Each structure stands twice: as C-alpha cells, then as structure tokens.
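Remarks on the structure that follows.
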2 protein chains.
Amino acid sequence: MDQPVKVYNTAVEVTLEVIGGKWKPVILFHLTFGKKRNNELLHLIPSITQKMLTQHLRELEDEGIIQRIIYNEVPPKVEYELTEYGWSMKELLHMMCRWGEMHVDKKYQGTAAIRENSRLESAP
Amino acid sequence: MDQPVKVYNTAVEVTLEVIGGKWKPVILFHLTFGKKRNNELLHLIPSITQKMLTQHLRELEDEGIIQRIIYNEVPPKVEYELTEYGWSMKELLHMMCRWGEMHVDKKYQGTAAIRENSRLESAP
DNA sequence: CGGTATCCAATTGGATACTG
DNA sequence: CAGTATCCAATTGGATACCG
C-alpha cells in the first residue's frame, strides 16, 4: 500500500536514466553486433577507461539490459551480451547511429570522420 | 590543407555530442510539439533550473538544431523552435519516448509513472 | 519576461597501483 | 584476463542575487 511512486515528466527521461551518460549507448551499440569481452570493448572504445567500462557494464547489468557470462577457465574469460530485453534497444541505438552518420556527412564534412567500417549506412 | 580532422569511433558518439547530457533530449522532445517560450519550458521540465535551461538552449542553437525568435515587445517575448535541421531528430526523440513508455510499463509497473498526457502511445 | 553572474556542492571521469 | 581500490581533477549542477 502506498508504495513510493516515482513520477517522470516525460518518457524520454526514463530512457535517459537507462542509457544516459557518456558511454552506455556506445557500449550497447557494440553489443548489438554480438557478445564482447572486456578487452574487446576496451579496444572498440579506445577513449574509455577500465573503471568507466566496468562501472557502466554493472549498471546496465542491474537494469537487466545486458548479462555477464562467466566461463570457468584459466585465464579467466567473461563475455557480455544483450539480454532478450536489451535487444529491444537495438532499433533505437541504430537510429542514433544513423543520425550521427548523417550529421557528420552534412555538418562536419571533411572535418570529422567515423572510424573503420562501423557505419551502418544501408543496414537495417 | 591538413585541417584537423576529428575521428569518432562510432556515429553514436556523434549523436551523443549533440543531444547528450541530462536535459537536451527532454528539451527537444517538448519542442517537437511546437514553439515554446522560456517560461513554458521551465514549467514543462520542473526539475530544470533557469541556468541549465539557458545553457542547453544556447548549445542547441550553436549546433543549428533550434533557433530563437525574438519579438520586439514589452514585456520581452522569446520563443524557441526546432530548425528544419532540428526536425530530423523528431523520429529519434519519439522513439526514445516510446521505449521509455514501454520500460515503465514493463519494469516499473506501479512504482513509476509518466506525468500528464505526454505519452505518445499510438502516435507516429 | 527572460535572462546573467557568482559561488559553491555534487557528480563524473581519469591515472595509477594492485589483485584473484 | 578481468577486474578493484584509491585518490585527485574536471565537469556539471544548483542557489541566490541581480539586470535590461
């Protein structure tokens, strides 16, 4: 009875609470292409530090967006992957990616670029 | 020649640079429903302060996403609206909104709610 | 009404060293 | 390999007072 109810002003704020912050969308974006290990993510996101990566992975795990898979091996092996629920973010993440591609092409023409073949371009 | 070129690792980072942060998506979301005045935005986003609102409005203006319309009246009247370019974010913002609505319904059932009739639900 | 300016608190981010 | 722990720097956010 009378459980505390949090009220958001718009649903956009809800989404931001889950994927807000500097790194979460980037991490999740990479995971939409499949399972990734700690070190893989560090290399895919060169400017992130181990501390920030771990911190955000834990928060995403707590939200039920991703899950850790721990293999009992030596040396240790851990993989991160989207949960079934986490996959519901794929469309949104890819839309963010496509908008960014458009923005670079249109506004930063020649003065900014996107590394490697991480462009979605015509992909779904 | 040899103008400095900024390299992003993924296009998602580009998008975050434009609409990242705690308030920008919320501000823009409200603007997708039409022009808004300073005071209107303050009431639509009760937890934002005047300082933060102004600061983010200026940044969005610099990016060419929104524009200020100053009416020469007494008392002063200023309105903010999306630029034609800014409208290209509408689909993304509304998708963020819809994901948030789904998340509240699915995960916070009963313990969180979205204020007023700001839900999109079946809207485009 | 629609802001600035200032100052201070809280949060976030990063470098480095160390652990199972 | 996959992290913790600690400490410090930078950025962000907020309260208050004031201005055109």
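Just so it is clear, the structure is predicted and the values come from calculations on it, not from any experiment.
- Atoms NE2 (H43(B)) and C1' (dG2(C)) sit 13 Å apart, rounded to a whole Å.
- Between dC1(D) and R37(A), no contact under 4.0 Å exists linking OP1 or OP2 to a side-chain N or O.
- In this structure, K24(A) atom NZ and dT12(C) atom C1' are separated by 11 Å, rounded to whole Å.
- Residue N39(A) places its side chain closer to dC1(D) than to any other of dC1(D), dG13(D), dG13(C).
- Taken from CZ in R37(A) to NZ in K35(A), the straight-line distance is 12.0 Å, to the nearest 0.5 Å.
- Counting only heavy atoms from C-beta on, T54(A) has its side chain closest to dT4(D) among dG13(C), dG3(C), dT4(D).
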Can you give the donor-acceptor pairs under 3.5 Å from side chains of residues 19-29 of chain A to other protein atoms, not counting sequence neighbours?
from   : atom 1 : to     : atom 2 : distance (Å)
K24(A) : NZ     : E59(A) : OE1    : 2.7

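- Under the 4.5 Å side-chain heavy-atom criterion for ILVMFWY residues, no single connected hydrophobic cluster contains both I69(A) and L41(A).
- Residue H56(A) contributes atom NE2, which lies 20 Å from atom P of dA2(D) at whole-angstrom precision.
- Following rounding to the nearest Å, Q55(A) (CD) and dT6(D) (C1') show an atom-to-atom distance of 14 Å.
- Atom CG of L42(A) and atom P of dT4(D) are 13 Å apart (whole Å).
- E73(B) places its CD atom 13 Å from the P atom of dC1(C), with the value rounded to the nearest Å.
- The side chain of P76(A) lies closest to dC1(D) when the candidates are dC1(C), dG3(D), dC1(D).
- Each of Q50(A) and P75(A) has a nearest nucleotide on DNA chain D; the 5'-most of these lies closest to P75(A).
- In this structure, K77(A) places its NZ atom 24 Å from P of dG20(C), rounding to the nearest Å.
- Here the nucleotide nearest the side chain of R58(B), chosen from dC1(C), dT4(C), dA2(D), is dT4(C).
- Regarding M52(A), its CE atom lies at a distance of 13 Å from the C1' atom of dC8(D), rounded to whole Å.
- As judged by a 4.0 angstrom heavy-atom cut-off over every strand, Y71(B) is placed among residues making no nucleic acid contact.
- Side-chain nitrogen and oxygen atoms of R68(B) include none within less than 4.0 Å of the OP1 or OP2 phosphate oxygen of dG2(C).
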Which atom pairs, one a donor and one an acceptor, fall under 3.5 Å between side chains of residues 70-84 of chain B and the rest of the protein, sequence neighbours left out?
from   : atom 1 : to     : atom 2 : distance (Å)
Y71(B) : OH     : E79(B) : OE1    : 2.6
Y80(B) : OH     : R58(B) : NH1    : 3.4
T83(B) : OG1    : G64(B) : O      : 2.6
T83(B) : OG1    : I65(B) : O      : 3.1
T83(B) : OG1    : Y85(B) : N      : 3.4
T83(B) : OG1    : G86(B) : N      : 2.9

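- In this model, a donor atom of one side chain and an acceptor atom of the other lie less than 3.5 Å apart for T32(A) and H94(A).
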